[in-house]
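Worksheet: the structure to be examined is printed underneath.
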Amino acid sequence: MRGDLPKREPGWVQAWDEQGRYQALRALCSHRPRFVLHDGPPYANGQLHLGHAVNKVLKDVIVKSRQMLGFDAHYIPGWDCHGLPIENAIEKQFGKSLSRDDMQAKSRAYASEQIDQQRADFKRLGVLGQWDHPYKTMDRVNEGTQIRAFKRVIERGFVYRGLKPVYWCFDCGSSLAEFEIEYADKKSDTLDVAFEADDRAALAAAFGLPALPGEGAGKKAFAVIWTTTAWTLPANQALNANPELDYSLVDTPRGLLLLAASRVSDCLARYGLDGQGHVLATIKGEALRGLVFRHPLWDTDPGYRRTSPLILADYVTAQDGTGLVHSSPAYGLDDFNSCLAHGFTLDDILNPVQGNGIYEDALPLFGGMNIWKACPRIIEVLGSSDRLMATTPITHSYPHCWRHKTPVIYRAAAQWFIRMDEGEGIFTTDKAKQPLRQLALDAIDQVAFYPENGRTRLRDMIAGRPDWCISRQRSWGVPIPFLLHKVTGEPHPDTLALLDRAADIVTEGGIEAWSRTEVADLLPTHEVGDYAKSTDILEVWFDSGSSFFHVFQGSHPGEGLEDGSGAAADLYLEGHDQHRGWFHSSLLLGCALNDRAPYKALLTHGFTVDGQGRKMSKSIGNTVAPQVISSKMGAEIIRLWVASTNYSGDLAIDDNILARVVDGYRRIRNTLRFMLANLADFDPARNALPVAQWQALDAWAVRRAQSVQAEIADHYRNYDFHPIVARLQTWCSEDLGAFWLDVIKDRLYTTPRNSAARRSAQTALWHVLQAMLRWMAPVLSFTAEEAWGDLLKQCPDATPQAQKDAGLFSQTLWDWPGLEGLSSLTGGDSAESADAWLAGWARIVLIRERVNKALEDLRAAGQIGAGLQARVTLALNPADFALLQALGDTLKFILITSEARIEPLSASDGDDAEARITVESLVEAPGFGKCERCWHYTLDVAPEAAAAPALPGLCARCTTHVQQASAGASA
């Protein structure tokens with residue numbers, strides 16, 4: 001019953017490898033329509049966790065079920081190999097002083113080791129795929145083809161270079177994409193900072209005042225801003241107000257304060273000036289346009305003697321703070337765009353924060369300091385300069401690097417971007433008809449989503465995302481192979497041709513070959529001194545997002561998409577976080593290259609949590625390693641758990657949940673064991689009966705299996721797996737265990753070996769078992785393989801000779817069972833007659849359940865021990881009477897009682913009256929004896945039975961069966 005899964009499963013995995021199971025399936029199904037599930041590549045770093053197992057098992061279930069539904073189902077596993085995590089692992093091991101060549105060589109070796117380890121774990125889960133030739137983003141042909149994809153994106157007008165604030169991680173030392181950001185709580189200090197008015201007369205005029213109070217008395221006027229990023233203040237270059245908000249000028253003991261009118265009361269209370277302020281005038285923000293204020297450290301250090309113009313911006317609100325914000329355009333996208341729109345040039349923008357998070361040395365007062373450590377010092381200096389009105393610690397949601405879990409900033413850097421909206425790109429030769437954002441939004445409408453709410457999520461992300469920064473300042477990745485002019489920074493005029501050259505070099509020798517290539521190898525001598533190679537790489541989301549292109553046009557041509565480019569994979573499947581990750585980047589690149597999404601459907605699953613719904617965490621100690629489950633219980637239990645859980649939400653797991661999964665598995669396994677045991681002497685080639693000779697109950701079982709099969713097939717088509725597992729378990733426990741198998745035991749055990757009654761049951765068992773194994777094979781692949789092998793070994797003539805010769809006796813497991821060919825079982829060929837016939841049997845089952853309840857009551861009273869010790873009498877309405885009368889003597893076998901009698905209810909009871917059930921014990925009934933062979937209580941059991949004095953203790957039926965069996969054996 002245990003199956004020894006941990007010990008035996010590795011043997012099946014090895015056999016599938018040695019037999020070339022995946023390749024054999026492709027050969028067998030090459031004539032079928034193709035189904036392609038394009039693999040979202042896991043990152044080649046670290047041991048597999050349970051989330052990996054969930055993802056790969058779901059993919060395997062889908063591929064195998066699509067195979068059985070009549071497709072040529074392709075699955076090429078893949079790995080994401082470039083990028084920062086591997087560089088970090090190498091730096092931890094070898095230090096940060098490695099050359100680019102050393103970093104690339106060590107990274108490639110490290111990724112290869114990780115892939116081998118992860119591949120073994122994936123295969124251990126029973127996942128079938130092209131494991132001998134997976135795709136890897138670091139395969140040199142894929143690296144080269146990715147450059148060709150980049151070139152095509154350029155040609156279509158989407159790529160440009162710009163100085164723009166992008167997410168920047170100091171630990172990465174590089175820019176980050178939107179997909180690489182997560183939000184977590186961060187402790188910060190809020191600051192209310194006073195910027196002195198540079199022109200008092202202009203401020204008075206804006207408020208319609210002839211002059212400001214305190215003129216000549218030293219009373220200063222300030223615009224007060226509110227911020228949570230003290231580190232940005234040294235780079236301040238402007239202030240912002242909302243043109244539609246009301247602003248007041250308030251006379252206070254600390255000066256004249258410019259504040260949003262709705263914030264005056266709260267601000268004065270925060271400054272310790274409650275009740276001490278007098279509003280001089282109130283105006284719309286529009287009137288503040290053009291006012292100029294001094295940097296708050298103007299009087300502290302000459303390096304800060306610069307002014308900040310007040311720029312109107314509708315993104316300013318008065319929900320909190322002061323209704324005014326300061327602008328450091330290098331460190332905020334809205335600030336950047338606002339300043340450029342109001343006359344700032346790129347050269348005007350101050351950017352003192354270096355890529356490592358340290359202020360440049362030349363910055364007055366704070367040069368050489370880490371920006372986070374500088375914040376207390378900035379607050380201190382502002383306080384001593386009398387420009388700090390208030391400061392308060394807060395905890396707020398803040399963007400973090402999803403790799404390092406550390407805070408990131410917006411930082412202006414010269415980067416390469418993919419443009420989302422209208423605009424000019426570099427070297428455009430075949431401009432797209434629409435902006436990328438619109439192409440992507442239109443493409444979403446053509447995609448099927450499982451679940452459907454993923455559509456809105458992805459659409460909202462595309463609608464609101466900024467331009468995509470695709471350049472990174474690292475070593476381990478596909479290069480952006482530009483030659484840049486040393487003075488202007490512009491790429492070489494022949495860049496498109498140089499991209500083709502670079503792609504050829506990388507395809508031949510990998511990215512390492514490009515690193516070794518000199519400018520002199522690419523340009524004529526007179527240009528060599530003017531150009532330098534870009535050292536940027538494409539970010540890894542470009543790697544994986546373009547994988548549909550560089551895999552099916554590069555490493556696996558002809559294996560996936562119909563023509564390698566314009567067609568779409570049938571399905572992408574990943575966790576729901578990939579709406580902001582791989583689904584997102586793939587959509588953008590599919591549209592940039594081909595005006596459409598690279599997938600026809602998106603399916604998402606949740607994350608793994610413990611039984612209490614908590615996220616898996618090593619610190620909590622609630623993690624569950626798939627390797628441990630496989631070694632203790634078998635990978636089959638992981639597969640069953642995944643399939644039995646509604647994966648559209650989070651997937652809970654703990655010891656109690658696994659124990660229930662094991663119980664469910666044993667129920668299925670026990671049913672298979674019973675069915676196989678009772679087919680031990682059955683060969684369908686010699687023993688199967690034609691449909692016309694089947695007993696009605698056996699015909700019902702196969703008809704019922706047809707109905708269940710149609711239900712299960714629909715669930716497979718809709719990627720809905722937990723109802724399949726639930727239906728399979730109820731099929732085993734209720735339809736089979738509690739009814740059909742329970743009833744046919746008598747025929748299987750007591751009738752002669754070759755009797756029509758027994759062979760009818762076995763023929764139906766054969767058909768039902770074949771169907772069951774196929775229903776469960778996508779989920780319980782190991783168990784189905786084991787049982788299928790046993791079944792066909794018992795019935796060798798059922799295996800096609802070609803598969804025997806190839807050693808693939810279980811290959812036919814991956815075709816859907818042909819129960820449809822048995823449509824003429826009984827009840828006629830029409831769907832209506834079949835439904836009516838099945839409805840009649842459903843009524844019989846319901847009556848049997850009521851009889852079982854009556855028998856249970858008698859058993860509880862201590863009058864009987866088993867149903868065979870009882871006689872049941874059923875008083876029935878006309879319809880039920882006709883239904884059960886047609887069963888004849890079979891009724892007592894269906895009810896599993898020694899006698900079953902029926903009689904009509906009186907007319908006064910009505911045509912719809914429920915049956916009246918009477919149950920009597922036969923244990924002490926006069927003349928009844930128990931047959932020692934079939935355990936029925938009958939009147940023809942006696943120690944000296946006249947019919948067969950040599951067989952005492954048997955009923956007449958068993959005596960006849962034994963005599964027939966003996967005669968058959970003698971013959």
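As the structure is a computational prediction, the values presented were derived from the model and not from experiment.
When all heavy atoms are compared, the tightest approach of I147 to P481 is CG2-CG, 4.0 Å. Between I462 and R437, the closest heavy-atom pair is O-NH1, 2.7 Å. When all heavy atoms are compared, the tightest approach of L484 to S534 is CD1-CB, 4.0 Å.
Judged by distance alone, with hydrogens and angles left aside, the side-chain atoms of N45 form no donor-acceptor pair with the main-chain N or O of I86 at under 3.5 Å. The backbone N or O of D348 lies less than 3.5 Å from a partner atom in the side chain of Q237, making a donor-acceptor pair. D536 contributes no side-chain N or O that, together with a main-chain N or O of S471, makes up a donor-acceptor pair within less than 3.5 Å. In this structure a side-chain-to-backbone donor-acceptor pair under 3.5 Å is present from T190 to T392. Not a single donor-acceptor pair under 3.5 Å links the side chain of K219 to the backbone N or O of G255. Panel note: side chain S175, backbone V166; no donor-acceptor pair is recorded below 3.5 Å. Between the side chain of T227 and the backbone N or O of A230, no donor-acceptor pair lies under 3.5 Å. Between the side chain of W226 and the backbone N or O of D320 there is no donor-acceptor pair closer than 3.5 Å. One N or O on the side chain of W168 and one on the backbone of G355 form a donor-acceptor pair closer than 3.5 Å. Counting only distance, with no hydrogens or angles, the side chain of E87 and the backbone of S475 share a donor-acceptor pair below 3.5 Å.
Within 6.0 Å of atom NZ in K92, 12 or fewer heavy atoms from other residues, nucleotides or ligands are found, so the atom counts as exposed in its surroundings. More than 12 heavy-atom neighbours from other residues, nucleotides or ligands sit within 6.0 angstrom of NZ on K486.
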Walk me through it: do D246 and S262 pass the test side chain to side chain contact (heavy atoms under 4.5 Å, CB included)? CA-CA 8 Å; D246 291 329; S262 63; over 6 Å; no

Decide salt bridge (charged side-chain N to carboxylate O under 4.0 Å, His left out) for R294 and D299; before the verdict, give the C-alpha distance in whole Å, the side-chain angles of both, and the deciding distance to 0.1 Å. CA-CA 9 Å; R294 295 175 180 177; D299 295 329; 5.3 Å; no

side-chain hydrogen bond (donor to acceptor under 3.5 Å, both in side chains) for N236 and S308? Distances and angles first, verdict last. CA-CA 7 Å; N236 168 265; S308 297; 2.5 Å; yes

Under the criterion side chain to side chain contact (heavy atoms under 4.5 Å, CB included), I'd like the reasoning laid out for S327 against S338: C-alpha separation, chi angles, the key distance, then a yes or no. CA-CA 9 Å; S327 179; S338 177; 5.7 Å; no

Step by step, work out the side chain to side chain contact (heavy atoms under 4.5 Å, CB included) result for I90 and W476. CA-CA 11 Å; I90 298 303; W476 176 232; over 6 Å; no

Candidate pair R306 and H295, rule side chain to side chain contact (heavy atoms under 4.5 Å, CB included), full reasoning: CA-CA 6 Å; R306 60 178 185 268; H295 193 281; 3.7 Å; yes

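The side-chain contact (heavy atoms from CB on, under 4.5 Å) test with F427 singles out one residue from V159, I154, D494, and that residue is I154. Shown are Y531, F150, W514; of these, the ring pair (Phe, Tyr, Trp, His ring centres under 6.0 Å) with F482 is made only by F150. Each of C375, P376, P393 was checked for a side-chain contact (heavy atoms from CB on, under 4.5 Å) with D189, and the lone residue meeting it is P393. Screening F293, Y247, F195 for a side-chain contact (heavy atoms from CB on, under 4.5 Å) involving L324 leaves a single residue, Y247. Considering F158, F542, W468 as possible partners of L588, the one that fulfils the side-chain contact (heavy atoms from CB on, under 4.5 Å) test is W468.
Side-chain contact annotation: T300 with S385, donor-acceptor N/O pair under 3.5 Å present. Side-chain N/O atoms of D335 and Y410 include no donor and acceptor closer than 3.5 Å.
No side-chain heavy atom of R254 sits less than 4.5 Å from a side-chain heavy atom of F222. D192 places a side-chain heavy atom less than 4.5 Å from the side chain of R270. In this structure, V408 and C169 have side chains that are in contact, with non-hydrogen atoms separated by less than 4.5 Å. When side chains are defined from C-beta on, I426 does not count as touching T495, because their heavy atoms never get closer than 4.5 Å. Considering only heavy atoms from C-beta on, E143 comes within 4.5 Å of M138 through its side chain. For the pair D577 and W582, the minimum side-chain heavy-atom distance is 4.5 Å or more. At least one side-chain heavy atom of P234 sits less than 4.5 Å from a side-chain heavy atom of I378.
Ring-plane geometry between Y160 and F417 is classed as parallel, the angle between the planes falling under 30 degrees on a 0 to 90 degree scale with a further cut at 60.
With salt bridges taken as basic N to acidic carboxylate O contacts below 4.0 Å, none links R474 and E539. Contact check on E424 versus R419 returns no salt bridge, with no Lys/Arg side-chain nitrogen under 4.0 Å from an Asp/Glu carboxylate oxygen.
With sequence neighbours excluded, the residues that form a ring-ring contact (aromatic ring centres under 6.0 Å, His included) with Y398 are H396.
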